[in-house]
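Here's the structure we're looking at; comments come further down.
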There are 2 protein chains.
Amino acid sequence: MVKEKIRDKNERKQAVLEHIIDTYVRTAVPVSSKMVSELMGTNLSSATIRNIMAELEEEGYITQPHTSAGRIPTSTGYRKYVDRIKADVHIERKRAEKLEKEYISRIRTIKNVIEKTSFLISRELHNAGIVMWPSVSDFYLRQIEFIKVRAETILAILVTMTNDVRNYMIKLDKDLESAELRKIANFINTNYEGQAFSQAFTGIKNLVEKRSADSEEITGIADSVLEIIDSIMDETIENDVYWDGFNFFAEEPEFQNINTTRKVIQLFSNREYLTALMKKELPKKDLNIYIGKENLSDMLEDCSVVTCGYNMRGRTVGRIGVVGPTRMDYGLAISTVQFLSEVVGTKLDEI
Amino acid sequence: MVKEKIRDKNERKQAVLEHIIDTYVRTAVPVSSKMVSELMGTNLSSATIRNIMAELEEEGYITQPHTSAGRIPTSTGYRKYVDRIKADVHIERKRAEKLEKEYISRIRTIKNVIEKTSFLISRELHNAGIVMWPSVSDFYLRQIEFIKVRAETILAILVTMTNDVRNYMIKLDKDLESAELRKIANFINTNYEGQAFSQAFTGIKNLVEKRSADSEEITGIADSVLEIIDSIMDETIENDVYWDGFNFFAEEPEFQNINTTRKVIQLFSNREYLTALMKKELPKKDLNIYIGKENLSDMLEDCSVVTCGYNMRGRTVGRIGVVGPTRMDYGLAISTVQFLSEVVGTKLDEI
DNA sequence: TTTAGCACTCGAGCATAATGAGTGCTAAAT
DNA sequence: ATTTAGCACTCATTATGCTCGAGTGCTAAA
């Protein structure tokens with residue numbers, strides 16, 4: 001019986017926290033006990049709510065900007081809220097269908113998917129949408145070609161199964177003839193089409209290093225092949241980040257604060273940080289959420305970042321996400337990012 | 001004699017305007033008559049200066065934020081100032097040498113030049129540096145290759161004399177064999193290496209359309225060649241814009257004003273506008289300056305834009321410039337942009 | 001034509017007070 | 001034991017009035 005009561009109480013407390021967060025997210029104004037009391041269907045007076053709110057403040061979930069103001073959630077408060085809702089957040093069928101339809105036209109390359117997705121995230125959530133490309137080494141090889149640009153310099157062109165194209169200028173120790181280059185390209189194209197670049201490259205390296213019989217066509221120039229492959233592998237390991245909708249920040253009331261503004265601009269002026277942030281979480285497919293001060297960088301201390309990995313052929317190869325002020329509709333953000341990460345996965349597999 | 005006096009007077013008036021502008025640009029604080037009187041070496045009292053300032057205000061060159069404040073320049077004021085100084089602004093030898101030295105290392109491609117230049121502009125002027133790429137059709141052909149990606153789809157790869165690479169996916173009406181593609185590439189490479197792409201392409205079109213004897217190698221597939229050339233020409237006509245140092249805006253006092261801030265963010269969130277702005281001025285090599293309200297767009301009404309064309313092999317093919325608040329050191333901006341546009345020209349010709 | 005001198009204007013800074021939203025605490029009610 | 005009515009208290013916000021001083025415009029004298 002005692003246990004029962006405690007659970008009741010905790011649930012009520014939780015409900016209060018949720019109401020505070022929901023309305024604060026909507027209005028950007030500190031929430032009063034009276035407000036919460038009205039929102040809770042149960043007829044609890046504001047005085048009771050005040051007691052509960054005092055406890056919530058004690059526990060660090062909410063805080064007062066000043067004595068005679070209502071409460072606003074802390075990072076910890078948002079965290080508790082998010083941890084509670086994240087498991088059972090689901091996108092509405094209608095929204096899901098509407099979003100999926102946006103991918104119908106002109107989605108032929110990964111680039112198309114990346115751009116469309118960051119656009120959709122920013123439009124739907126009114127915040128900056130960010131998308132990390134798969135590393136080129138995770139793409140699938142359709143074709144590789146080498147062009148001799150001048151003595152000892154070649155241009156390697158990688159065409160992926162998704163029709164994205166990458167090129168790398170490579171300086172070699174030894175000069176190669178166009179015919180030799182064609183031989184190498186031919187060897188790779190016939191034996192490795194459809195494989196991931198990383199896989200293809202390690203495959204080639206193994207074969208060449210072992211001087212395997214399968215690679216007799218290129219035995220004479222084995223060293224150069226290894227040199228080429230190594231150079232390309234160096235370049236293809238990077239994950240680029242693309243974003244859109246930074247301007248939505250300017251519309252948020254948080255933007256009144258010059259200091260916050262400066263930090264956000266700083267953030268979006270230096271590519272590296274956002275890239276590092278997403279890269280760190282890359283291997284996992286899971287949803288990941290950093291709220292306010294949970295972010296290690298000052299630049300992000302007034303922001304939250306919600307990201308989720310996406311798969312290509314069953315492997316997690318990139319992440320998509322949203323960056324916005326801490327006062328963010330986490331439910332919507334989670335459901336949208338999570339859903340779109342699935343869509344990105346399917347689209348990538350479809351093309 | 002009368003004429004002589006009037007010139008004296010006008011010159012004095014001009015000097016007052018210049019002092020107001022110089023100090024306002026430095027301090028961002030309205031300039032008082034006392035201040036100006038001290039700055040002018042001549043011993044004119046503040047009362048006299050006040051009379052002159054009243055005239056300047058009458059004529060629309062300066063304005064008062066409020067009755068008991070000093071004066072700040074208007075767009076017209078800046079304009080008059082700029083028109084007066086722009087002819088005899090020259091960069092100091094030392095600065096010029098220092099800037100030129102920055103281009104020593106790792107400048108091998110146009111991309112390197114573009115990125116270095118926008119970085120230098122933003123660093124030197126503490127404002128956003130913008131650089132418009134030459135259109136690909138103005139690049140010089142080192143090599144062109146075609147890769148057959150699948151039936152009726154080919155990838156065209158353009159390598160420029162500066163080692164920049166562009167690729168375009170082209171859908172054809174008719175299928176072509178790899179051998180045929182190689183023939184076309186070969187034809188172009190042997191006959192047009194070193195020429196500007198635009199020139200090469202029109203040359204090819206003429207030849208092929210006339211069924212000239214010089215093009216007998218490719219007569220069988222003339223239609224396809226024309227189709228390919230047309231597709232590429234469509235794509236290569238664009239001028240991309242690159243920028244850097246947007247974050248410097250956040251440090252200017254103008255940034256305290258949320259409204260200005262919003263507009264500036266809007267501006268940098270939509271690529272098209274800046275591109276259009278520079279494109280419009282492209283054909284001319286001249287320095288171009290838009291001050292405050294002279295800009296047609298609201299987004300730029302608190303900003304000024306200083307741009308200058310740069311040449312490649314004697315033709316103006318792109319522009320570089322700076323975007324900053326109206327309160328900008330125009331002298332420095334003009335000399336830097338002008339000088340760097342020359343440097344860009346030489347560097348492009350060198351690589 | 002210049003300038004000293006002075007009245008005038010107006011923003012900035014500061015103190016004071018009223019208002020009211022919202023709280024915390026206590027004592028009574030359930 | 002829990003809830004709540006009631007009330008004192010706090011403090012941001014707004015308004016008001018005040019002084020200070022920077023800067024002006026104008027006038028009359030130099």
Side-chain angles (χ1 to χ4, degrees), chain A residues 1-13 15-17 19-20 23-24 27-59 61-74 253 256-257, chain B residues 1-13 15-17 19-20 23-24 27-59 61-74 253 256-257:
Chain A
M1 286 308 105
V2 177
K3 212 130 192 213
E4 183 68 24
K5 278 199 174 165
I6 287 174
R7 223 191 54 206
D8 274 9
K9 278 230 168 164
N10 278 339
E11 256 160 35
R12 198 177 58 180
K13 197 188 277 185
V16 171
L17 178 59
H19 275 114
I20 291 173
T23 50
Y24 182 65
T27 61
V29 169
V31 185
S32 73
S33 54
K34 184 154 164 270
M35 183 89 251
V36 174
S37 143
E38 281 163 15
L39 286 169
M40 313 252 305
T42 64
N43 25 15
L44 283 179
S45 78
S46 64
T48 314
I49 303 295
R50 272 203 290 286
N51 290 330
I52 301 174
M53 281 163 83
E55 287 176 46
L56 281 168
E57 181 158 20
E58 180 86 3
E59 294 162 31
Y61 297 126
I62 54 180
T63 186
Q64 278 183 295
H66 58 85
T67 326
S68 69
R71 305 301 212 291
I72 62 176
T74 60
Q256 304 285 63
N257 184 335
Chain B
M1 284 311 102
V2 177
K3 210 125 194 221
E4 182 68 25
K5 276 198 177 166
I6 287 173
R7 223 192 51 204
D8 275 8
K9 277 234 170 160
N10 279 339
E11 256 161 35
R12 197 177 60 180
K13 197 189 277 184
V16 171
L17 177 58
H19 275 115
I20 292 173
T23 51
Y24 182 65
T27 62
V29 169
V31 185
S32 73
S33 54
K34 183 154 163 273
M35 183 89 252
V36 175
S37 142
E38 282 163 15
L39 286 169
M40 312 252 304
T42 64
N43 24 17
L44 284 179
S45 79
S46 64
T48 314
I49 302 294
R50 273 204 289 287
N51 290 331
I52 302 174
M53 282 163 84
E55 286 175 47
L56 280 168
E57 181 158 21
E58 181 83 6
E59 294 162 31
Y61 297 126
I62 55 179
T63 187
Q64 278 182 296
H66 58 85
T67 325
S68 69
R71 305 300 212 289
I72 61 177
T74 61
Q256 303 285 61
N257 184 334

Query - B/Pro65 or A/Gln64, whichever maps to the more 5' nucleotide of DNA chain C - result: B/Pro65

Requested in this report: Mind calculating the distance between NZ (A/Lys13) and C1' (D/dT2) to the nearest angstrom?
Outcome: 15 Å

Report task. In whole angstrom, give the distance that lies between atom NZ of B/Lys34 and atom P of D/dG25. Result -> 17 Å

Report task. With heavy atoms under 4.0 Å as the rule, sort B/Ser46 into base, sugar-phosphate or nothing. Result -> nothing

**Report entry** Side-chain N or O of B/Arg50 closer than 4.0 Å to phosphate OP1/OP2 of C/dA4
**Finding:** no

Query raised in the report: For the pair made of CD in A/Glu57 and P in C/dC25, what is the distance, rounded to whole Å?
Result: 11 Å

Query raised in the report: Does OP1 or OP2 of C/dT1 have a side-chain N or O of B/Arg12 closer than 4.0 Å?
Result: no

Requested in this report: Measure from CG on B/Asn51 to P on C/dA4 and round the result to the nearest Å.
Outcome: 13 Å

Report task. State whether the number of non-hydrogen atoms from other residues, nucleotides or ligands found under 6.0 Å of B/Gln256 atom CD is greater than 12. Result -> yes

Report summary line: The answer to which of A/Ala54 and B/Leu44 contacts DNA chain C further toward the 5' end, by nearest nucleotide, is B/Leu44

Report summary line: salt bridge (charged side-chain N to carboxylate O under 4.0 Å, His left out) with A/Glu55: of A/Arg12, A/Arg71, A/Arg50, A/Lys13, only one passes, and it is A/Lys13

Report task. Name the pairing partner of D/dA28, where a pair is Watson-Crick or G-U wobble with both distances under 3.5 Å, or state none. Result -> C/dT3

Query raised in the report: Within the structure, does a side-chain N or O atom of A/Ser45 lie under 4.0 Å from either OP1 or OP2 of D/dT3?
Result: no

Requested in this report: Identify the heavy atoms of A/Ile72 and A/Tyr24 that sit nearest to each other, and give their distance.
Outcome: CG2-CE1, 3.4 Å

Query raised in the report: Just checking A/Ser68: base, sugar-phosphate only, or nothing, at a heavy-atom cut-off of under 4.0 Å?
Result: base

Query raised in the report: CG of B/Leu56 versus P of D/dG25: gap in Å, rounded?
Result: 12 Å

Report task. Answer yes or no: does a side-chain N or O of B/Arg71 lie under 4.0 Å from OP1 or OP2 of D/dT24? Result -> yes

Query raised in the report: Using a cut-off of less than 4.0 Å, is there contact between a side-chain N or O of B/Thr67 and OP1 or OP2 of D/dT24?
Result: no

Requested in this report: Could you tell me which nucleotide pairs with C/dT16 by Watson-Crick or G-U wobble geometry, both distances under 3.5 Å, or answer none if nothing does?
Outcome: D/dA15

Requested in this report: For A/His66 and for A/Asn43, find the nucleotide of DNA chain D with the closest heavy atom, then tell me which residue's nucleotide is more 5'.
Outcome: A/Asn43

Query raised in the report: Among A/Ser46, A/Ser32, A/Ser33, which residue meets the side chain to side chain contact (heavy atoms under 4.5 Å, CB included) test with A/Met53?
Result: A/Ser33

Query raised in the report: To the nearest angstrom, how far is B/Ile72 atom CD1 from D/dA22 atom P?
Result: 20 Å

